[in-house]
Amino acid sequence: MASFSIVFLACLPPLHAVENIIGLNFACLAALLDRREGWLPNYILIPMLLTGLISGMVNDNVNTAISGAAIAWGITSLALVFISVSLRANFLSGGDMTMATACGAWAGSDNVTLFLLLSACLHWMFCVVMRHFSIQPRRYIDLDRPGSGWVQPMGPSFAFSLAIVLLLHNMPDIPDWKYFIPGY
């Protein structure tokens with residue numbers, strides 16, 4: 001996350017760079033807590049959501065921020081209900097929904113689908129790597145038989161996806177960005 005912060009500081013106007021760095025720091029802190037402790041505290045996620053909405057207000061995109069948060073909350077809620085009912089397992093929690101909502105406010109409605117798709121793909125990749133290297137996270141998923149399965153925390157996937165989305169969103173502001181894309 002520090003490298004993303006350096007890129008934002010080097011390439012964006014100061015106010016916009018500081019806004020993105022604040023959002024990434026909240027996301028990184030929440031991801032670290034989710035990975036290490038297995039939970040996402042609301043005392044980090046609610047300020048992250050509010051600063052995302054304030055950032056949208058400062059940039060005259062408050063409607064985009066609100067709709068991005070609402071879309072992320074809605075899709076994450078549907079995923080939570082569908083997975084929990086169909087598989088009788090808890091893959092997502094209220095903290096995951098709150099973090100997705102906060103990240104949706106930072107991503108905005110323009111980029112919320114990209115954010116959610118990236119989060120899902122990264123989460124799947126993290127699960128494959130964990131299974132391949134036999135890494136066991138701390139949370140159980142099965143409601144009937146504790147200890148029968150494990151789940152990878154979603155916080156790191158959300159944080160890394162938000163960093164990528166913010167970088168891609170600000171790519172036109174980065175000088176000579178087209179030289180980084182082969183064949184452009």
Side-chain angles (χ1 to χ4, degrees), residues 1 4-5 7-9 11-34 39-86 90-126 152-174 177 181:
M1 293 299 162
F4 284 106
S5 298
V7 168
F8 288 140
L9 278 175
C11 300
L12 295 176
L15 179 63
H16 201 58
V18 169
E19 290 172 354
N20 287 331
I21 290 170
I22 288 171
L24 286 178
N25 282 325
F26 274 126
C28 186
L29 179 61
L32 289 173
L33 284 172
D34 193 22
W39 67 293
L40 291 163
N42 281 334
Y43 60 82
I44 293 172
L45 299 177
I46 299 302
M48 180 182 172
L49 173 63
L50 293 175
T51 54
L53 296 174
I54 290 170
S55 174
M57 188 174 66
V58 167
N59 294 321
D60 292 330
N61 293 330
V62 72
N63 292 337
T64 304
I66 291 171
S67 57
I71 291 168
W73 181 83
I75 291 174
T76 308
S77 298
L78 288 175
L80 171 67
V81 169
F82 177 74
I83 291 171
S84 295
V85 169
S86 65
N90 284 331
F91 285 97
L92 296 170
S93 67
D96 293 323
M97 289 173 42
T98 308
M99 185 163 181
T101 303
C103 290
W106 279 97
S109 62
D110 303 339
N111 300 311
V112 72
T113 53
L114 176 63
F115 162 73
L116 291 170
L117 287 173
L118 273 174
S119 296
C121 290
L122 286 173
H123 183 69
W124 175 78
M125 287 184 351
F126 289 154
Q152 164 71 20
M154 281 295 293
S157 303
F158 285 147
F160 196 62
S161 297
L162 180 64
I164 292 170
V165 165
L166 288 177
L167 185 64
L168 291 175
H169 178 71
N170 292 307
M171 192 173 276
D173 298 336
I174 297 175
W177 64 272
I181 299 175

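Note: hydrogens, waters and symmetry copies are ignored here, and every other heavy atom, side chains too, is used. Here, residue 1 is the first one in the sequence, and each next residue gets the next number.
Distance check: Leu116 CG to Cys121 SG gives 11.0 Å after rounding to the nearest 0.5 Å. Atom CZ of residue Phe158 and atom OG1 of residue Thr76 lie 5.0 Å apart, to the nearest 0.5 angstrom. For the atom pair CG (Leu24) and CG (Leu29), the distance works out to 12.5 Å, reported to the nearest 0.5 Å. Atom OG of residue Ser77 and atom CG of residue Asp96 lie 11.0 Å apart, to the nearest 0.5 angstrom. Distance CG/Asn59 to OG1/Thr64: 10.0 Å, rounded to 0.5 Å. Rounding to the nearest 0.5 Å places CE of Met57 at 9.0 Å from CG of Leu53.
Met154 approaches Asp34 most closely through the heavy-atom pair N-OD2, 3.4 Å. Smallest separation of non-hydrogen atoms from Met97 and Trp73: CE-NE1, 3.3 Å. Nearest heavy-atom pair across Val112 and Gly104 is CG2-CA, 4.1 Å. Listed here is the closest heavy atom pair of Gly56 and Ala65: CA-CB, 4.2 Å. When all heavy atoms are compared, the tightest approach of Ala100 to Phe115 is O-CE2, 4.1 Å. The two atoms that bring Ala27 and Ala159 nearest to each other are O-CB, 3.5 Å, heavy atoms only.
Judged purely by atom type and a 3.5 angstrom limit, Ser55 has no side-chain atom pairing as donor or acceptor with the backbone of Thr51.
Using a 4.5 Å cut-off on side-chain heavy atoms (C-beta onward), Asn111 and Leu168 make no contact. Annotation: side chain of Leu40 is not in contact with side chain of Thr98 (no heavy-atom distance under 4.5 Å).
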In residues 41-48, what donor-acceptor pairs under 3.5 Å come from side-chain atoms, sequence neighbours left out?
none

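For the side-chain contact (heavy atoms from CB on, under 4.5 Å) criterion with Leu162, the lone passing option out of Ser119, Cys28, Ser157, Cys103 is Cys103.
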Could you go through the side-chain contact (heavy atoms from CB on, under 4.5 Å) check for Leu49 and Thr101 one step at a time? CA-CA 7 Å; Leu49 173 63; Thr101 303; 4.0 Å; yes
